[in-house]
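Read through the structure below, which is laid out as structure tokens, and then see the notes.
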Amino acid sequence: MTSTSPIRTDTVVIGAGPVGLYQAFQLALHELGVHVVDGLAHAGGQCAELYPHKPIYDLPGIPACTGQELTQRLLRQLAPLRVPLHLGQIVTALQRLTRDDAAGSPRFRLQTDGGLVFLCDAVVVAAGVGAFLPRKVPVPGLEAWEGRQIHYRDVGPEVWAGRRVVIMGGTDAAATLALRLADGGAADVTLLHRSDRFAIDATLDAELQSAIGAGWVRLCLGQPVAAIAADDGRLEALEIATADDQRLLLPLDVLLPRLGLSPQLGPIADWGLALERKHLVVEVEGFRTSEPGIHAVGDINTYPGKRKLIVCGFHEATLAAFAIAQALRPAERIVLEYTTTSARLQRLLGVGPD
Ligand SMILES: Cc1cc2nc3c(=O)[nH]c(=O)nc-3n(C[C@H](O)[C@H](O)[C@H](O)COP(=O)(O)OP(=O)(O)OC[C@H]3O[C@@H](n4cnc5c(N)ncnc54)[C@H](O)[C@@H]3O)c2cc1C
């Protein structure tokens, strides 16, 4: 989703990992407006990206639950509160606005790489180990064609239909894309990988091997070492070093690298917040960072005794929500209410009388 008009809200949560999702739940229970932004195309952070099918055994009251199941449960718990999730959007800029005296003027402006702008009064950074960014092709100078002929994120048929496409990588994403494009109108699909073995799902591997056997997908074994530009400046080919140390030219119109994702702190390091070994330093009453109005919860923060566990992140999110609610409603006393007994909370959750 892209938009040019800013989204005005009370709070923005950066990160839709388990802690970011629970943070949104807690903020919404305080009836604060909240939007969640994540660079991945799906919610769940590390649970969904790194261990979707592995069981977690130390969540209170849940003897065993996979990373994917936990994500689904958190999303289901959040659903009645109708919190908008903006996925596939990396927050690249966070800026403090000069507060004028006009009531309702926002304190922060956030911008994403997809063109979304948020104006808000408090920010919670729940960015875990950082934004999962696509691994880049290690060929010098290749970045000059990014966004024109080289695309690290999903693109529509206008980019590849009728063209010679090279997909690079041995990942599930690379294999799935090769099959989809071979079936969907690319002139020519080549899968470039350093070996003929793919560490991918067995069914997908079987489909890929049969597409290669039928000639729908061409397999090129080797590593790119140089980019070859045409006279008009277009990327014309990649020079490939093969396993037996030969060199060959692989002509192409479009390169779609799918080499996997790696977490990087990225823009968060540039926001002027106090850091200790790439973690945001917080206090433990409201998980405030060095910058008033910006809080940090979950794996991204550090404080004496910090443990990178989901349950610790849930505790931090709960206290951060109380601190934010109090700061945004200074005239009110924010009191503790139980979901078991509070009619207000039950109404919000859609389980009590209207
Ligand atoms: C293999 C493995 C097993 C684990 N097992 C357990 C276990 O059994 N029990 C347990 O308690 N913990 C376990 N953990 C740790 C647990 O997964 C983490 O503590 C938890 O995921 C932290 O949640 P989080 O929401 O803080 O961060 P993450 O899960 O890392 O989510 C952060 C999200 O922020 C997004 N993001 C970052 N920067 C930006 C940005 N600039 N813009 C937009 N989005 C951004 C990322 O894309 C990501 O989705 C395990 C971890 C691993 C790797």
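Atoms within each ligand, like the ligands themselves, are counted from 1 in listed order. Reckoned from all heavy atoms, side chains included, excluding hydrogens, waters and symmetry mates.
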Please identify which atoms of ligand 1 are closer than 4.0 Å to at least one heavy atom of [X].
X	answer
Gly298	26 (O)
Gln89	43 (C)
Val129	30 (O)
Val91	40 (C), 41 (N), 42 (N), 43 (C)
Gly20	25 (O)
Lys308	19 (O)
Ala126	32 (C), 33 (C), 34 (O)

Quick check against the 3.5 Å criterion: does [X] have a side-chain atom that pairs as donor or acceptor with the backbone of [Y]?
X	Y	value
Asp188	Arg164	no
Trp216	Leu208	no
Gln149	Leu235	yes
Glu239	Leu248	no

Least distance between heavy atoms, Ile90 atom then Leu133 atom: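 Shortest heavy-atom contact: CD1-CD2, 2.9 Å.
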Gly313 near ligand 1 by a heavy-atom separation under 4.0 Å: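 No, Gly313 has no heavy atoms under 4.0 Å from ligand 1.
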Any Lys54 heavy atom less than 4.0 Å from ligand 1: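 For ligand 1, residue contact (heavy atoms, under 4.0 Å) with Lys54 is absent.
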Which is closest to [atom] by heavy-atom distance: [options]?
atom	options	value
atom 46 (C) of ligand 1	Gly15, Gly45, Gly130	Gly130
atom 23 (O) of ligand 1	Cys65, Gly67, Pro18	Pro18
atom 15 (C) of ligand 1	Tyr57, Tyr22, Tyr51, Trp271	Tyr51

Answer yes or no: does an N/O atom from [X] fall short of 3.5 Å to an N/O atom of ligand 1?
X	result
Ile90	no
Ile56	no
Val19	yes

Parallel, tilted or perpendicular, as decided by the 30° and 60° cut-offs, for the rings of His35 and His86: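 Plane angle under 30°, so parallel.
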Which protein non-hydrogen atom lies closest to [atom], naming both residue and atom, and how far is it?
atom	result
atom 11 (O) of ligand 1	Ile310 N, 2.9 Å
atom 49 (O) of ligand 1	Asp38 OD2, 2.6 Å
atom 29 (O) of ligand 1	Gln46 N, 2.9 Å
atom 18 (C) of ligand 1	Asp299 OD2, 3.3 Å
atom 27 (O) of ligand 1	Gly128 CA, 3.1 Å
atom 39 (C) of ligand 1	Ala131 CB, 3.7 Å
atom 43 (C) of ligand 1	Gly39 N, 3.3 Å
atom 9 (N) of ligand 1	Asp58 OD1, 2.9 Å

Linked, directly or transitively: Leu27 and Ile334 (ILVMFWY side chains, under 4.5 Å):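 Leu27 does not cluster with Ile334.
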Val137 reachable from Trp160 in the ILVMFWY side-chain graph, under 4.5 Å edges: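 No: no chain of side-chain contacts under 4.5 Å links Trp160 to Val137.
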How long is the gap from [atom1] on [X] to [atom2] on [Y], to the nearest 0.5 Å?
X	Y	atom1	atom2	result
Ile56	Leu70	CD1	CG	5.0 Å
Thr112	Ile14	OG1	CD1	11.0 Å
Leu191	Asp196	CG	CG	11.0 Å

Residues Glu291 and Arg107 bridged, charged N to O under 4.0 Å: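 Result for this pair is no, no salt bridge flagged.
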Cationic N near anionic O, under 4.0 Å, Arg197 to Asp205: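 Looking at Arg197 and Asp205, the cut-off is not met.
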Within-4.5 Å side-chain heavy-atom neighbours: Lys308 and His279: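 They are in side-chain contact.
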Per-residue contact class, Thr92 against ligand 1 - non-hydrogen pairs under 4.0 Å: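 Answer for Thr92: neither.
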